[in-house]
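Worksheet: one structure, shown below.
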There are 2 protein chains.
Amino acid sequence: MGIRPRIEVDRSSPIPLYFQVAEQIAEAIRTGELAPGDQLDSEVQIAESLGLSRPTVRQAIGHLVDRGMIVRRRGVGTQILPMPVRREMELTSLHDDLARSGRAPATDVLLLARVPAEPEAAAALGLAAGTPVTKVVRLRRSQGEPLAVMRNWLPEPVPPLTEEVLETRGLYEVLRKAGIRICVARQRIGACTADAEQAALLEERRGAALLTMERTAFDDSGRAVEFGSHIYRASRYSLEVTVTEH
Amino acid sequence: MGIRPRIEVDRSSPIPLYFQVAEQIAEAIRTGELAPGDQLDSEVQIAESLGLSRPTVRQAIGHLVDRGMIVRRRGVGTQILPMPVRREMELTSLHDDLARSGRAPATDVLLLARVPAEPEAAAALGLAAGTPVTKVVRLRRSQGEPLAVMRNWLPEPVPPLTEEVLETRGLYEVLRKAGIRICVARQRIGACTADAEQAALLEERRGAALLTMERTAFDDSGRAVEFGSHIYRASRYSLEVTVTEH
DNA sequence: GTCAACCTGTTGTCCGGACAAAGTGACCGC
DNA sequence: GCGGTCACTTTGTCCGGACAACAGGTTGAC
């Protein structure tokens, strides 16, 4: 009854089997080999055809359900959902998002210095106000146009962090390469209107709508390792979120 | 080494065991019995103490990891993360969010009618423009103050949906009771400034910052069952999102 | 004293099996 | 034809076990 995308698993690969399966199903959805509304083979059938156990296949499908790509119904089967038109918000920097969609990100580093933490940033990082932190202020452009002003605070000094690196790389990429593994982030999204300074930086009129996002990121030891306070031109940018239940 | 919150499981309950465990750990975090930074017992120890298998306990903890409440580290253990100050965005209506935090939600129903679908709504629902749909426009107040203007489109008629019901209940609650089970929603979040009409409704100045959210919701058969286009007063409302990796 | 090898504890992955719950459709009696 | 019952399929939950990968501490050699 169902459709079975061609999948191959490599048992000698260090990549977990469930992840290989999940990625290949996701790829089949992206390429259109699996269209919205299509019904997948049952978990048991997929497991048999791949020589895997049902829990492994189930774990793979579970990942895609969490990402909102497919839905399961007991007694019925597993079905492909309509693809979102645009990328979802993930734990990647704006830089990566833009680069992936081929929109030529560029960065002006306006500040990179060790400064006493402002009260707001200190509170988010769980530090006392005035504690020395690394502060970064960047203007992000896409295809030449200003897109966002991004302010970040880092509790620890990060040696590889230089103006030159930030001109071409996203902050999260640099942090990952420095061994800082961010695994959870809490974001608050709001809106405001541009004041004179913001308007000048973003080449908007005063009073233009801006999207604001504050983000506190944690590593796997539970420590806050980054706080960001960003403003985006609402006329050029919006955020995508997928929410799932159960 | 670790801390073990007091948990009891009821094997005769229809509620899945892993869910009982997850909820009780989450409750212990909320009440402060488990503080940020605390280390949980190992999965094996918890499983033994509850008379459950390790996969079941692991499934419970996995849910909390997905919700960004705790982090796991291989070879080390499982640790409680700092609590978010405010509720996260979930698949609940604004009404439920407000009611839960005790902020007296009220609703003015501005429109409830069967109308031809506007092109934007029709596209989101996967219908042809002009297809008859149920349209709802509501003004949501909190503690007397206007908070948001919410416009919703539903492809199917929902008999229990009346003005009286909407005055006291959230839309999602009504849909759930009508047997419509929403399990995935895609949201796009942006910002704009208030025009004269919006300003009058929301009791803001013209040009005030507004947060916009468009949401397409799907049921477990993969059909779009609701489209919403909402605007919030940015001065009174912001959205919370937790993002996790892996 | 220093450093490497080892040991232990923990989570990550994977297996095979079992039963329950829910949806679907066929069958049968009426 | 109609309605209810039953069987079947499929996902949901749970078990017990096994080994691998990783982090951290301990021990031992040099």
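Residue numbers start from 1 in every chain, and the chains themselves are labelled A, B, ... in the order their sequence lines are given, proteins ahead of strands. Note that the coordinates shown come from a computational prediction; the quantities given were computed from them, not determined experimentally.
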Would you check if there is a donor-acceptor pair between the side chains of N152(B) and E226(B) at a distance under 3.5 Å? yes

Would you mind checking if R30(A) and E27(A) are paired as a salt bridge, meaning a charged N to carboxylate O distance below 4.0 Å? yes

Does atom CZ of R73(B) have more than 12 heavy-atom neighbours, drawn from other residues, nucleotides or ligands, at distances under 6.0 Å? yes

Could you tabulate the donor-acceptor pairs under 3.5 Å formed by side-chain atoms of residues 118-133 of chain B, not counting sequence neighbours?
| unit_1 | atom_1 | unit_2 | atom_2 | d |
| --- | --- | --- | --- | --- |
| E118(B) | OE1 | W153(B) | NE1 | 2.7 |
| E118(B) | OE2 | K135(B) | NZ | 2.7 |
| T131(B) | OG1 | A128(B) | O | 2.5 |

Whole angstrom is fine here: how far is it from CD1 in I61(B) over to P in dT11(C)? 7 Å

Is R223(B) salt-bridged to E156(B), going by a charged N under 4.0 Å from an acidic O? no

Tell me which residues in residues 8-17 of chain A put a heavy atom below 4.0 Å from DNA chain C, sorted by number, or none. R11(A), P16(A), L17(A)

What nitrogen or oxygen pairs link the protein and nucleotides 5-8 of chain D at under 3.5 Å?
none

If you compare every side-chain N and O of T56(B) against the phosphate oxygens of dC15(D) (OP1, OP2), does one of them come in below 4.0 Å? yes

Rounded to whole Å, how long is the line connecting atom CG of D220(B) with atom C1' of dT10(D)? 14 Å

How long is the line joining CZ of R73(A) and P of dG12(D), in whole Å? 11 Å

Euclidean distance, atom CD1 of residue I46(A) to atom P of dT9(D) [Å, nearest integer]: 17 Å

So, taking the atom named CG in L50(B) and the one named OG1 in T56(B), what distance separates them when rounded to the nearest 0.5 Å? 10.0 Å

At under 4.0 Å between heavy atoms, what does R58(A) touch on the DNA or RNA strands: base, sugar-phosphate, or nothing? base

Is Y18(B) close enough to dC14(D) that one of its side-chain N or O atoms is under 4.0 Å from OP1 or OP2 there? no

Salt bridge (charged side-chain N to carboxylate O under 4.0 Å, His left out) involving R151(B) - partner list, sequence neighbours excluded: none

Roughly how far, to the nearest 0.5 Å, is CD of E163(A) from CG of L161(A)? 10.0 Å

Within 6.0 angstrom of R114(B) CZ, more than 12 heavy atoms from elsewhere: yes

Can you see if the side chain of T78(A) gets near the phosphate of dT11(D) - specifically, an N or O under 4.0 Å from OP1 or OP2? yes

Atom pair distance, as rounded to whole Å: CG in L40(A) and C1' in dT11(D): 13 Å

Counting primed atoms plus P, OP1 and OP2 as sugar-phosphate and everything else as base, spell out the protein contacts along nucleotides 17-22 of chain D at 4.0 Å heavy-atom distance: B, S or - for each nucleotide, 5' to 3'. -B--BB

Gap between atom CD1 of I80(B) and atom CE of M69(B) - 0.5 Å precision: 8.0 Å

Round to the nearest Å and state the distance from Q45(B) atom CD to dG9(C) atom P. 10 Å

Without swapping roles, check the side chain of R186(B) against the backbone of G68(A) for a donor-acceptor pair under 3.5 Å. yes

For the side chain of R181(B), counting heavy atoms from C-beta on, which of dT11(C), dG23(C), dT11(D) is nearest? dG23(C)

Rounded to the Å, how far apart are E48(B) CD and dG9(C) P? 13 Å

Nucleotide dA23(D), atom C1' - distance to CD of Q39(B) in whole Å: 12 Å

To the nearest 10 degrees, the angle between the two end axes of the helix from dG1(C)-dC30(D) to dC30(C)-dG1(D) (five pairs per end) comes to 10°

If you round to the nearest 0.5 Å, how far is CG of L17(A) from CG of L52(A)? 5.5 Å

Any side-chain heavy atom of F218(B) sitting closer than 4.5 Å to one from L81(A)? yes

Tell me, do V65(A) and T244(A) make a side-chain contact under 4.5 Å, heavy atoms counted? no

